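These notes concern the structure reproduced below.
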Amino acid sequence: MTRLDYSAAQAAFADWGVDSDAAIDRLADISISVHCWQGDDVAGFEGRSGSSGGGIQATGNFPGRARTPAELRADLEFAYSRIPGRHRLNLHASYLDSPETPARDALEYRHFSSWVDWAKHQGLGLDFNPTFFAHEKADDNLTLAHPDAGIRDFWIAHGEVCREISARIGQEMGSPCIMNIWVPDGFKDTPVDRLAARKRLEASLDRMLAKPFDKALMRDAVESKLFGIGVEACTVGSHEFYLGYAIRNDTVLCLDMGHFHPMESVADKLSAVSLSVDEILMHVSRPMRWDSDHVILLNDDILAIAQELVLGDLLGRTHIGLDFFDATISRTAAWVIGTRNMQKALLRALLLPKAPLQAAEEALDFNRRFMMTEELKDLPYGAVWQEFCTRLGVPTGNALISDLDVYQASVADRG
Ligand code: RNT
Ligand code: ZN
């Protein structure tokens with residue numbers, strides 16, 4: 001591996017008044033919540049075959065899908081070993097690890113305790129999600145907003161047991177477990193009573209979240225969506241619905257980059273919602289024409305998110321989670337490259353000369369701001385990234401690619 005000249009890079013950033021060592025240290029402290037579901041195409045371990053339902057769709061048949069908790073953990077261990085820093089795992093309730101087959105409303109901490117033991121051993125944090133899809137009681141894409149009270153009760157109970165599990169995970173791990181609620185509820189064709197459905201969703205959430213938990217143990221997050229495959233006409237839990245709900249109920253607000261109109265900038269929403277909610281959960285994703293959950297690239301959308309988090313000083317109250325799944329490429333490569341892209345974007349934002357950029361804007365000197373943002377693009381970010389990876393003991397470039405290839409070859413014969 002050719003070493004790029006870090007001291008030259010350090011000097012180049014110093015010319016702009018930026019301390020690249022400080023940026024490296026800061027980046028090392030940012031934990032990303034890596035989603036378990038990239039490893040097995042959102043299948044989980046409940047033995048249900050076929051698609052996840054709810055409009056979530058992983059496509060592709062690249063070899064190597066993890067079929068068991070042991071395979072998923074082995075894949076994650078490899079992935080984390082090639083991602084610099086200390087991170088978290090975001091687990092869905094459908095990923096229980098138990099010889100028992102409890103119903104979703106009868107899940108208990110013990111069905112997940114092996115994940116906790118493993119995460120502790122690996123030095124990872126843990127987040128959790130109830131699973132309101134891939135289930136016969138969700139097959140018509142209505143759960144918490146279902147007109148049938150019995151079905152709503154079932155899903156409320158599922159959410160309640162998941163909150164207990166999350167709190168216990170947070171206690172065991174010594175770090176708050178962020179529990180994200182996403183339900184697929186919606187209508188394929190135009191409903192005549194949107195308000196009734198939204199009132200049912202609200203009432204179900206109110207009951208589900210009635211029990212208070214210490215924020216040091218767990219925090220509830222709510223995730224909106226614009227539309228999904230099969231619910232094109234109306235999503236009950238829309239952005240306006242959950243923005244209001246989160247403000248009124250003091251929950252974390254989850255913004256998924258695939259859950260808005262493709263022309264909307266999710267980065268632009270961060271500062272706006274930060275005035276009304278204490279904490280934000282990002283689901284970093286890449287929609288292509290729809291909520292397709294492509295692996296994130298180091299592209300303008302991701303750079304804009306990172307820039308808003310850094311320049312808006314929102315890192316301290318934003319949880320960065322990933323939400324993509326591509327089954328046409330190596331699942332471990334998708335995890336590693338995708339997570340590193342989020343980190344690269346954060347590094348670039350941390351290397352910006354914040355004060356002079358803000359001063360130019362405040363002085364309405366848009367010419368200076370323009371000249372600076374464009375000249376800054378030529379700085380040697382790659383050398384700082386390589387230095388960061390070297391300090392944290394992970395490879396870059398061709399060395400990384402050959403590691404990813406070797407690991408993929410080792411899992412390619414899974415049936
Ligand atoms: C679905 C939501 C949700 C899921 C995961 C698996 O559109 O984005 O976050 O992707 O819970
Ligand atoms: Zn999401």
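The structure presented is a predicted model; accordingly, all values stated were derived computationally and were not measured. Every number for a ligand or one of its atoms is a count from 1 in the order of the listing.
- In this structure, Q171 contributes its side chain and A167 its backbone to no donor-acceptor pair below 3.5 Å.
- Looking from atom 4 (C) of ligand 1 to the surrounding protein, the closest heavy atom is D323 OD2, 3.6 Å.
- Listed by atom number, the atoms of ligand 1 under 4.0 Å from K225 heavy atoms are 1 (C), 7 (O).
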**Q.** Verdict with reasoning, W118 to H121, per ring pair (Phe, Tyr, Trp, His ring centres under 6.0 Å)
**A.** CA-CA 5 Å; W118 174 80; H121 192 251; 9.1 Å; no
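- Those atoms of ligand 1 with a heavy atom of H259 less than 4.0 angstrom away are 1 (C), 2 (C), 7 (O), 8 (O).
- Judged by distance alone, the side chain of R369 and the main-chain N or O of E362 form no donor-acceptor pair under 3.5 Å.
- Between the OD2 atom of D256 and the OE2 atom of E223, the angle taken at the Zn ion (ligand 2) works out to 90° after rounding to 10°.
- When only interatomic distances are considered, the shortest N/O to N/O separation between W37 and ligand 1 does not fall below 3.5 Å.
- A side-chain donor-acceptor contact under 3.5 Å links Y80 to the backbone of R88.
- The protein heavy-atom contact nearest to atom 9 (O) of ligand 1 is E223 OE1, 2.8 Å.
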**Q.** Intermediate values then yes/no, ring pair (Phe, Tyr, Trp, His ring centres under 6.0 Å), F154 and H135
**A.** CA-CA 12 Å; F154 172 81; H135 191 280; 5.2 Å; yes
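- Using a 4.0 Å cut-off to heavy atoms of H92, the atoms of ligand 1 that qualify are 5 (C), 6 (C), 11 (O).
- Panel note: side chain N249, backbone Y245; a donor-acceptor pair is recorded below 3.5 Å.
- Here H283 reaches the Zn ion (ligand 2): one of its N/O/S atoms is less than 2.8 Å from the metal.
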